[in-house]
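Heads up: the structure comes next, in structure tokens.
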Amino acid sequence: MIGALRVAQTEDLLPTEVASLVGLCEAAFDEPFAAAWEQVGPGIHAFLEADGRPIAHAMIVDRRLYLGHEPDLALDVGYVEHVATLPELQGGGHGTRVMREIGRILADEYALGALSTGSNGFYDRLGWETWRGPTFVRMADGQRVRSADEDGGVMILRTRRTPATLDLGGPIAVDWRVGEPW
């Protein structure tokens, strides 16, 4: 039976719950996921359970995005990570339900939502927009390094606090981190 949608901070999850969420991501992405889980750090998790186990998950971590050509123009954003649904349950609306909750949290708490994906169509129908401009990774010294492989895969979700001057065709950068910067 499908249970209620849960929202929790990473530090409020039991170790067994974290292990179950990592297992869900491993099943959905068909690859080891413990290292990826550690690299993104703590955040806000939204997940749907059935029969006591998670079947769909997404999380928000705090990140900074640098917009436009000005190196100082930065927004604190809710960056969405680890969006996953068990393979045998994909297409049943579970991921959509989790992402609607993520969208609600972003709208309440952040100036902008962002994520990187290869499944733009899924997010398009939930109000996300594909970033059309070039992507970069901002190194610790402030230098921007081109990340052309991410072009067309970065998406944003506007909130009521999103600057009206947001230019989807301009450059966008994210701070470097171990693993996958975007």
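Just so you know, these numbers use all the heavy atoms, side chains as well, and skip hydrogens, waters and symmetry mates.
- Closest approach of V80 to A58, counting heavy atoms only: CG1-CB, 4.4 Å.
- Closest of all the heavy-atom pairs between P171 and F136 is CB-CE1, 3.7 Å.
- Distance check, rounded to the nearest 0.5 Å: CG of L67 to CG of L112 gives 7.0 Å.
- Taken to the nearest 0.5 Å, the CD1 atom of I172 stands 8.5 Å off from the CG atom of L75.
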Q | Full working for side-chain contact (heavy atoms from CB on, under 4.5 Å) between M155 and T117 | A | CA-CA 8 Å; M155 299 187 78; T117 185; 3.7 Å; yes
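- Criterion: ILVMFWY side-chain heavy atoms under 4.5 Å apart, direct or through other members. Under it, V178 and V61 are part of a common hydrophobic cluster.
- Considering every non-hydrogen atom in both V137 and P181, the closest pair reads CG2-CB, 3.7 Å.
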Please table the atom pairs, donor to acceptor, closer than 3.5 Å between any side-chain atom in residues 5-13 and protein atoms at least two apart or in another chain.
unit_1 : atom_1 : unit_2 : atom_2 : d
R6     : NH1    : E17    : OE2    : 2.7
R6     : NH2    : E17    : OE2    : 3.1
T10    : OG1    : G43    : N      : 2.9
T10    : OG1    : G43    : O      : 3.2
T10    : OG1    : H45    : NE2    : 2.6

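- The side chain to side chain donor-acceptor pair (under 3.5 Å) check on R146 picks up D151, with sequence neighbours excluded.
- Residue pairs meeting the side-chain hydrogen bond (donor to acceptor under 3.5 Å, both in side chains) criterion with at least one member in residues 169-182, sequence neighbours excluded, are Y66-D175, E81-R177, R138-D175, S147-W182.
- For the pair D62/Y79, no side-chain contact is recorded, criterion being any heavy-atom separation below 4.5 Å from C-beta on.
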Residues 85-94, side-chain donor-acceptor partners within the protein, below 3.5 Å, at least two apart:
unit_1 : atom_1 : unit_2 : atom_2 : d
Q90    : NE2    : T85    : O      : 2.9

Q: Decide yes or no on side-chain contact (heavy atoms from CB on, under 4.5 Å) for R63 and V174, but give the supporting numbers first.
A: CA-CA 8 Å; R63 306 256 343 243; V174 68; 2.9 Å; yes
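- Taking both residues in full, the closest heavy atoms of L157 and L126 are given as CD1-O, 4.1 Å, listed atom of the first, atom of the second, then distance.
- Residue pairs meeting the salt bridge (charged side-chain N to carboxylate O under 4.0 Å, His left out) criterion with at least one member in residues 114-132, sequence neighbours excluded: E129-R158.
- Closest approach of L65 to A114, counting heavy atoms only: CD1-CB, 3.6 Å.
- For I156 against W131, the heavy-atom pair with the smallest separation is CG2-CE3, 3.9 Å.
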Q: Determine, step by step, whether R97 and M99 satisfy the side-chain contact (heavy atoms from CB on, under 4.5 Å) criterion, reporting the C-alpha distance in whole Å, the side-chain angles of both residues, the deciding distance to 0.1 Å, and the verdict.
A: CA-CA 6 Å; R97 188 168 168 202; M99 282 306 298; over 6 Å; no
Show the atom names and distances, to 0.1 Å, of all donor-acceptor pairs under 3.5 Å that link a side chain in residues 18-31 to residues at least two apart or in another chain.
unit_1 : atom_1 : unit_2 : atom_2 : d
S20    : OG     : T16    : O      : 3.1
E26    : OE2    : F33    : N      : 3.1

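- Rounded to the nearest 0.5 angstrom, W37 CH2 and H82 NE2 are separated by 5.5 Å.
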Q: Please step through side-chain contact (heavy atoms from CB on, under 4.5 Å) for the pair I60 and I105, ending with a clear verdict.
A: CA-CA 9 Å; I60 301 169; I105 295 167; 3.6 Å; yes
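- At distances below 3.5 Å, not a single donor-acceptor pair connects side-chain atoms of S116 with backbone N or O atoms of V154.
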